[in-house]
Number of protein chains: 2
Amino acid sequence: MTKTEKILNAALQLIIERGLERTPMSKIADKAEVGMGTVYKYFKDKEDIINAIYVSIKEEEAQLVFVNNGHNPDVRATFMNYYGRMIDYFLDNTLKFNFISQYAFSPIIKTTTQKKAMSQFYHFDDHYRKGLEENLFKDIKAEHMTFFVFSAIAYWIKAANELHIKIDETYKTVLLQMAWDAIKK
Amino acid sequence: MTKTEKILNAALQLIIERGLERTPMSKIADKAEVGMGTVYKYFKDKEDIINAIYVSIKEEEAQLVFVNNGHNPDVRATFMNYYGRMIDYFLDNTLKFNFISQYAFSPIIKTTTQKKAMSQFYHFDDHYRKGLEENLFKDIKAEHMTFFVFSAIAYWIKAANELHIKIDETYKTVLLQMAWDAIKK
DNA sequence: ACTCATAGACTGAATAGTCATTCAGTTTTT
DNA sequence: AAAAACTGAATGACTATTCAGTCTATGAGT
């Protein structure tokens, strides 16, 4: 694991567990087993770390969601694949999921960061357009559809975490069906 | 406006515009036109203010959503009323909406605060149960339905804000229909 | 109606502490 | 041996919180 990764991991864990205000840079350095100076070698400042974490998670997520992409011509099947994998990713990476949920709306995340993160998901636009062409979807904007489904999944998992409900395959299927019914014409 | 309200308003505005780390208590006091000591008379500390803002918004939201409640026996019509008013509330109160979006997932919000906020929305449970009895809904947990619809609306508005899209009545109807289709059996 | 004593509300400068950031020096790599 | 990576104590700012003192509202006594 590179020092950069060590720092990002340490910061992620501390920030989620204790909150941003209560995680000084020194704690991040300690947990990453790295000197303070090293942190500042790789990152401009604290906010830079937050933004880097955000992008790295979104990149990892995209990588997983779009693996083996582009072979299935069926719009519904593709939908289930994409979002099924997204659910899996977030269920397997609770810390990262919490981070995204918390900072997606925060002013700490710069516009450029948000754009960079979003750009990973351009496949969604293709998928959406295809669905529109086949007259499968309601008449809404692509971004809105993406947001809608992501948010549904996000809060779903959040609720499950809080209520200590286990999301099994059956439940996952219901969730995916709900999302599909929502956008389906 | 009471001092408490002045302080909450000032804090809300500063925190959303500048971020929590960048809003010292002194700035909150200044903006509220109040001495530092007064802030600490009404609130234990900074986190206490955040929690108080959270609850106050949720109370205001609930009040609006459930106004004239309980007269309509039609489950779908009730659904549209509730969530239609919720959309209106958030469209009319961007600052408050942003605050809730940002802190709903934050560890700063205490469990007791979250519970207190949630308890305002018990009408949703009744509504949900009624829908289940009439065999209108998919077989999911009440909390999940509530979360699902709220989140859909939240991110929808967030997306609209970011993409500078105006949400008019037609678009609002589509959003409500999506949410309904999602939970409908 | 008018003191004025008292409680409570209010103030903001001072305190006490925290923490982001730097940099002179050390270690490792090339 | 030169460059690059690394270290962490020291610096310099900043800010949450306190508290000694001031102001204001209340109402009992005249």
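Every chain is numbered from 1 and lettered A, B, ... according to where its sequence line falls, protein lines coming before strand lines.
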Undergrad: Hey, does the side chain of B:Y42 come within less than 4.0 Å of C:dC10's phosphate (OP1/OP2), counting only N and O?
TA: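 B:Y42 to C:dC10 OP1/OP2: side-chain N or O found under 4.0 Å.
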Undergrad: Could you pick out which residue, A:M25 or A:G37, lies toward the 5' side of DNA chain C when each is mapped onto its nearest nucleotide?
TA: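 Closer to the 5' end of DNA chain C: A:M25.
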Undergrad: Using atom CE of A:M36 as one end and atom P of C:dT22 as the other, report the distance to the nearest whole Å.
TA: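 Interatomic distance, CE of A:M36 to P of C:dT22: 10 Å.
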Undergrad: Is it true that B:E33 and B:K3 have a side-chain N and a carboxylate O under 4.0 angstrom from each other?
TA: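 No, this pair does not count.
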Undergrad: Given side chains that start at C-beta, do those of B:Y82 and B:F121 come closer than 4.5 Å, heavy atoms only?
TA: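 Counting from C-beta outward, B:Y82 and B:F121 never come under 4.5 Å.
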Undergrad: Anything under 4.0 Å to a heavy atom of chain A counts; send over the first and last such nucleotide of DNA chain D, read 5' to 3'.
TA: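 Under 4.0 Å from chain A, the extent on DNA chain D is D:dA5 to D:dA9.
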Undergrad: Going by the rule ring-ring contact (aromatic ring centres under 6.0 Å, His included), which residues pair with B:Y89 if we only count those two or more places apart in sequence or in a different chain?
TA: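 Expected list: none.
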Undergrad: Nearest-Å distance, OH (B:Y40) to C1' (C:dA14)?
TA: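 So the two atoms are 14 Å apart, to the nearest Å.
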Undergrad: Between C:dC19 atom P and A:E47 atom CD, what is the distance in whole Å?
TA: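 These atoms are roughly 17 Å apart.
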Undergrad: A:R22 CZ to C:dA20 P: how many Å, rounded?
TA: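 Rounded to whole Å, this separation is 14 Å.
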Undergrad: Of all residues at least two apart in sequence or in a different chain, which pass the side-chain contact (heavy atoms from CB on, under 4.5 Å) check with B:N135?
TA: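 Testing B:N135 for side-chain contact (heavy atoms from CB on, under 4.5 Å), a comparison that skips the adjacent residues, returns B:K185.
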Undergrad: State whether the side chain of B:K58 and the backbone N or O of B:Q120 hold a donor-acceptor pair below 3.5 Å, judged by distance alone.
TA: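 It does not hold such a pair.
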Undergrad: Expressed as a whole number of angstroms, how long is the span from B:D45:CG to C:dG17:P?
TA: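 Distance check: B:D45 CG to C:dG17 P gives 17 Å.
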Undergrad: Can you see which heavy atom on B:I7 is nearest to which on B:T38, and at what distance?
TA: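 Closest pair (atom of B:I7, atom of B:T38, distance): CD1-O, 4.3 Å.
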Undergrad: Can you check the A:K41 NZ to C:dA24 C1' distance for me, whole Å?
TA: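 The answer, rounded to whole Å, is 17 Å.
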